Protein chains: 2
Amino acid sequence: MKKQIIAAKDSQPRPKRADAQRKVGSLLKAATEVFAESGVDAPVREIAERAGVGLGTVYRHFPQRSDLIVAVFQSNVDACADTAPVLADKHPPLKALSLWMERYVDFIATKRGLCKALYSGDAAYKALPEYFNSRLRPALMSLLDGAVEAKAVRPGTDPNDLLVAVANLCNAGYGRDPQHARRMAKLLVDGLRYRAED
Amino acid sequence: MKKQIIAAKDSQPRPKRADAQRKVGSLLKAATEVFAESGVDAPVREIAERAGVGLGTVYRHFPQRSDLIVAVFQSNVDACADTAPVLADKHPPLKALSLWMERYVDFIATKRGLCKALYSGDAAYKALPEYFNSRLRPALMSLLDGAVEAKAVRPGTDPNDLLVAVANLCNAGYGRDPQHARRMAKLLVDGLRYRAED
DNA sequence: GTATTAGCGGAACGATGTTCCGCTTCTTCA
DNA sequence: TGAAGAAGCGGAACATCGTTCCGCTAATAC
């Protein structure tokens, strides 16, 4: 017991129970879907129901509504960023870059309602843009580097420029053709191929 | 009666009852104060209470919460714009311009929470920026023209530039020194005096 | 002065975020 | 394996909003 007390000082709080981890998983999944369909203003109850979980469970894991939003955003950013190395392994550099851009477009498409929250000035969301950059920038950077090295794409492109540009493309045309952003993103990548050999 | 029917076709619905006009007045005043203190998310009940008015009365005059917000914004813009000719009458051109900028800074200061609403994409607020420009631009323009004519200020300044610049100054430093924006605005006006004679 | 009705106040409704607590079920340890 | 012990669960209950409704009040017209 003394051991426990001493150990407790710097040990993690304790691993979560297995079922709890599962519930958090379904919550994030359900919330991602609901936010994509109805925006971030969707009621917590709807998310709980879709996840097959009680309201109390939601608030146990995410004490505030905004905590859930933040967690969903981060987990989606992670999922998108983690795709990069996988694609890089399975495809030649240019193809990998192109496929990842599609993946990124899809990610942005599910985040429509979020800009509102981001611009709300709410302190809960202060860290999100930074997180977005810290994860997605390196992911895209590595794909760009690979493609440049393979002489498939011109050098000197700032990954942030691309990320921002595509995000703007997605948000510009509102209720329009959902394929529009995909085509425009592809056009950007094609643009990168110009003067690839210089 | 025939007369009435014919007249009804193009006559106004009918003048509002005197007490109703009074209530609308106190509602706008109360809402202006509450919005300035607590932001546009303040509950309708709080505004009704401060105005000494029932909830039903609020909704009779402003069927939706957003209607009240729009009305407050417009009436405040009007009040600010209407100050310009008054100041121009009572003071020399440069002094009038300077005083009006102070007035404008105070107006912006009470509108903190509103940017959130403006950027929310809610259709109810679509017309507000246009209204802002249509009233404030000419007001400032006339003051600028007066000062230019008196050789107190350099010519060629776009009133919109000034309006936007000051608005940004006010919103930049958040919980900071409330006098900061005033000082910066004064600095801008002083800047206008440079090369006034050219 | 009386009739008409615009306008008033606030109770009531429905939706939503959040809290609370008795019950369930996972984990641990003998 | 089985029985504490506690982490975790579910959903009723509460508080707060926006909004609706309706019986009553009082301003207006004649």
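Chain A is the first sequence line, chain B the second, and so forth, proteins listed ahead of strands; every chain is numbered from 1. Just so it is clear, the structure is predicted and the values come from calculations on it, not from any experiment.
Between Lys16(A) and Gln21(A) the shortest heavy-atom distance is O-NE2, 3.3 Å. Counting all heavy atoms, side chain and backbone alike, Met141(B) lies closest to Pro159(B) at SD-CG, 3.9 Å.
The listed nucleotides are dT18(C), dA11(C), dG10(D); the one nearest the side chain of Arg65(A) is dT18(C). In the set dG17(C), dG10(D), dT19(D), the nucleotide with an atom closest to the side chain of Tyr59(A) is dG17(C). Counting only heavy atoms from C-beta on, Asp19(A) has its side chain closest to dG8(D) among dG10(C), dG10(D), dG8(D).
In this structure, Thr110(A) contributes its side chain and Phe107(A) its backbone to a donor-acceptor pair below 3.5 Å. Judged purely by atom type and a 3.5 angstrom limit, Arg154(A) uses its side chain to pair as donor or acceptor with the backbone of Tyr194(A).
Put simply, CG on Leu68(B) is 11 Å from P on dT19(D), counting in whole angstrom units. Atom CZ in Phe62(B) sits roughly 15 Å away from atom P in dG18(D) (whole-Å rounding). If you take CG of Asp41(B) and P of dC17(D), they are 11 Å apart, rounded to a whole angstrom. Between Leu55(A) atom CG and dT16(C) atom C1' there is a gap of 10 Å when expressed in whole angstrom units. Whole-Å rounding puts the Glu46(B) CD to dG18(D) C1' distance at 15 Å. To the nearest angstrom, C1' of dG10(D) lies 17 Å from CD1 of Ile47(A). Rounded to a whole Å, the CD atom of Gln21(A) is 13 Å from the P atom of dC26(C).
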Return the polar atom pairs (N/O with N/O) between nucleotides 4-7 of chain D and the protein under 3.5 Å, or none.
| from | atom 1 | to | atom 2 | distance (Å) |
| --- | --- | --- | --- | --- |
| dA7(D) | N3 | Arg17(A) | NH1 | 2.3 |

Please produce a list of atom pairs where a protein N or O lies less than 3.5 Å from an N or O of nucleotides 22-24 of chain D.
none

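Using a 4.5 Å cut-off on side-chain heavy atoms (C-beta onward), Leu162(A) and Met101(A) make contact.
A salt bridge links Lys29(B) to Glu33(B): one of the charged nitrogens lies within less than 4.0 Å of a carboxylate oxygen.
With the nearest nucleotide of DNA chain D identified for both Arg22(B) and Ser66(B), Ser66(B) has the one nearer the 5' end.
Look at His61(B) and you won't find any side-chain N or O under 4.0 angstrom from OP1 or OP2 of dG7(C). Between Gln64(B) and dG18(D), a side-chain N or O to OP1/OP2 separation shorter than 4.0 Å is absent. OP1 and OP2 of dG8(D) both lie 4.0 Å or more from every side-chain N or O belonging to Thr57(A).
Using cut-offs of 30° and 60° for the angle between ring planes, the Phe132(A) and Tyr104(A) rings count as tilted.
Heavy atoms of Ala48(B) sit nowhere under 4.0 angstrom from any nucleic acid atom.
Residue Leu192(B) is tested with Val153(B), Val148(B), Leu94(B) for a side chain to side chain contact (heavy atoms under 4.5 Å, CB included); the sole match is Val153(B). Looking at Val70(B), Val24(B), Ile69(B) one by one, the single match for side chain to side chain contact (heavy atoms under 4.5 Å, CB included) with Phe62(B) turns out to be Val24(B).
Asp78(B) and Tyr131(B) share a donor-acceptor pair across their side chains, judged by distance under 3.5 Å alone.
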